[in-house]
J.: 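Before I ask anything, here is the structure I am working with.
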Amino acid sequence: MTTFDAGDHRLTEVEPNVWELDRDDDSIPARVLASEALLEHIGDDMTLDQLRNVAAMPGVVAPALCTPDGHQGYGFPVGGVAAFDAEDGCISPGGVGFDINCGVRMVRTNLTYDDVRGREDELVDALFDAVPCGLGGGGVHDRSHADLEKALERGVDWCVEEGYATREDRLRCEDEGMRPDADPDAVSKKAKDRGTSQMGSLGSGNHFLEVQRVTDVYDDDTADAFGLVEDQLVVLIHCGSRGLGHQVCSDYLRRIEQEHPDFLASLPDRDLAAAPADSDLADEYYGAMCAAINFAWVNRQLVTHAVRETFADVFDAPDWEALEMDLLYDVAHNIAKRETHTVTRTGDGYSLGGDGERVERDLYVHRKGATRAFPAGHPEVPSAYRDVGQPVIIPGSMGAGSYVLKGGEQSMGRSFGSTAHGAGRLMSRTRAKDEYWGGDVQDDLRESDEIYVKAASGATIAEEAPGVYKDVDDVVGVSDALGIGDLVARTYPVCNVKG
DNA sequence: ATGTTC
């Protein structure tokens with residue numbers, strides 16, 4: 001069998017694109033889903049140490065997984081998929097990430113690339129003015145505490161009532177844009193205070209708002225079901241729960257330290273801080289996390305509302321409906337969810353595959369930098385897409401294409417119904433700023449690639465330069481080859497508002 | 001990711 005040596009670890013290719021981490025006989029398998037090319041830098045940082053640690057956590061259901069875009073994160077790798085038994089496992093803020101329900105949505109239009117050519121500057125300026133971005137709460141109209149409470153509790157449902165969303169929008173979000181388990185009372189005042197001044201803002205870092213054109217369609221029938229055709233303009237919105245989600249994560253990491261010090265000490269790494277599944281704190285964190293998830297959906301919806309109004313204005317349409325700016329889909333890629341999966345009972349735990357008694361178990365599935373990718377026929381796929389599979393949106397860097405996939409037939413059996421979430425970073429933000437200067441990157445994109453970028457900060461452009469990311473084509477190629485998320489269409493950037 | 005250093 002093919003092996004790959006990465007730093008202190010040896011990986012063995014047990015099936016094409018499936019690499020198992022070296023381990024003791026009695027430990028839980030950990031797997032990297034990747035091509036050999038994507039493994040090139042995986043030994044340079046702590047990614048594989050982190051993956052091995054996740055596989056040693058209480059109640060983990062085999063295997064612990066790293067997606068093709070995976071890299072080092074806080075405790076867990078970004079690109080980590082880990083499922084823990086909901087009865088005797090645990091739930092971990094580090095397995096969700098600081099930016100709770102960071103995610104992406106794609107909005108369709110009936111415009112084509114020709115409609116925008118020559119007007120890119122006008123469009124990107126108008127979008128930049130309409131959508132607050134960058135660090136902090138600048139430019140956002142402060143919401144009332146009552147609005148925030150409703151957003152935390154009801155997500156996109158609240159947006160429907162307020163006229164910021166249609167009922168159809170809500171149906172085209174993962175979980176229909178609302179986690180009913182949200183508990184606003186479990187969100188601290190400090191987190192809420194940060195949220196009230198940030199509702200409807202893009203944020204910073206890798207967050208962006210990008211107008212794109214569809215360049216390739218790989219699966220005609222599914223593209224048709226998704227409403228995508230070549231040359232069509234679409235809008236991709238990538239943002240999360242801003243300071244509110246960050247504060248929720250910080251709050252609960254601290255409470256785990258205070259309230260479960262013995263459990264914390266038993267974990268392989270303190271950054272994996274987790275609450276035991278049967279504890280009150282686990283329920284509280286889950287309620288707070290679900291509320292932050294709802295907040296992020298509201299955030300993306302309010303940005304969508306601003307984008308729709310801006311397009312109607314720029315393209316002289318009576319309203320956004322005339323431009324048919326329907327939501328294709330909204331996916332979360334930093335979440336944990338209580339889901340029921342069919343697993344195999346092993347000696348003292350459970351495994352996703354393998355021979356033995358098959359049972360249904362409730363699991364806390366953590367997808368940190370990973371996208372749900374449920375296949376055709378799954379009851380949680382919206383009825384409009386149920387015959388083809390859940391739309392999966394995978395953005396590339398701002399100089400590369402993005403992809404629309406559909407949940408693949410193999411995803412439930414291979415990856416707890418999950419696939420990759422993006423290109424994956426190749427280097428730290430600090431190193432990126434040494435290697436690139438924002439203004440140069442911006443000029444290159446405009447002159448060489450006809451991509452118009454407008455950003456709140458030049459440093460952010462440097463941190464997010466196309467060269468700091470892996471090749472998204474390789475990432476989606478692995479997903480497609482494994483049958484966990486199948487290629488449907490590719491887009492290419494037209495103009496980009498960067499946080 | 002992040003009022004970019006609890």
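Naming: A, B, ... by sequence-line order, numbering from 1 per chain. Everything quoted here is computed from the prediction, not taken from an experiment.
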J.: Counting only N and O atoms by type, is there a donor-acceptor contact under 3.5 Å from the side chain of Arg414(A) to the main-chain atoms of Leu482(A)?
T.: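 Side chain of Arg414(A) to backbone of Leu482(A), a donor-acceptor pair under 3.5 Å: yes, one is there.
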J.: Rounded to whole angstrom units, what separation is found between the CD atom of Glu464(A) and the P atom of dT4(B)?
T.: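 Glu464(A) atom CD is separated from dT4(B) atom P by 18 Å.
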J.: Atom CG of Leu253(A) to atom P of dT2(B): distance rounded to whole Å?
T.: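 To the nearest whole Å, that distance equals 16 Å.
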J.: Check every strand shown and say whether Gly240(A) touches a base, only sugar-phosphate, or nothing at a heavy-atom separation below 4.0 Å.
T.: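 Nothing, no heavy atom under 4.0 Å.
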J.: Output the rounded distance in Å from CZ (Arg431(A)) to C1' (dT4(B)).
T.: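 Distance, rounded to whole Å: 20 Å.
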J.: Hey, is the side chain of Arg242(A) poking within less than 4.0 Å of OP1 or OP2 on dT2(B), counting only N and O atoms?
T.: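 Yes, within the criterion.
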J.: Check every strand shown and say whether Ser241(A) touches a base, only sugar-phosphate, or nothing at a heavy-atom separation below 4.0 Å.
T.: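 No contact.
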J.: Output every pair passing salt bridge (charged side-chain N to carboxylate O under 4.0 Å, His left out) with a member in residues 275-296 of chain A, not counting sequence neighbours, ordered by first then second residue.
T.: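 Counting only pairs at least two positions apart or across chains, the salt bridge (charged side-chain N to carboxylate O under 4.0 Å, His left out) contacts touching residues 275-296 of chain A are Arg255(A)-Glu284(A).
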J.: Rounded to the nearest Å, what distance is computed from the OH atom of residue Tyr74(A) to the P atom of nucleotide dT4(B)?
T.: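 About 17 Å, once rounded to whole Å.
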J.: Tell me: CZ of Phe98(A) to P of dT5(B), nearest whole Å?
T.: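 Computing the Phe98(A):CZ to dT5(B):P distance gives 12 Å.
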J.: Roughly, in whole Å, what's the span from NE2 in His207(A) to C1' in dT4(B)?
T.: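 For the pair His207(A) NE2 and dT4(B) C1', the rounded distance is 14 Å.
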J.: Nearest whole angstrom, please: distance from the P of dT4(B) to the CG of Leu135(A).
T.: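 Distance check: Leu135(A) CG to dT4(B) P gives 7 Å.
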J.: Could you tell me the separation between the CD1 atom of Ile100(A) and the C1' atom of dT2(B), rounded to a whole number of Å?
T.: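 My rounded result for the distance is 12 Å.
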J.: Under 4.0 Å between any heavy atoms, over every strand shown, what does Gly243(A) touch: base, sugar-phosphate, or nothing? Just pick one.
T.: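 Sugar-phosphate only.
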J.: Do His238(A) and His333(A) have ring centroids that are under 6.0 Å from one another?
T.: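 Under 6.0 Å, so yes.
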J.: Do Arg338(A)'s NZ or CZ and the ring of Tyr364(A) fall within the cation-pi criteria of under 6.0 Å and 45°?
T.: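 Satisfied, under 6.0 Å and within 45°.
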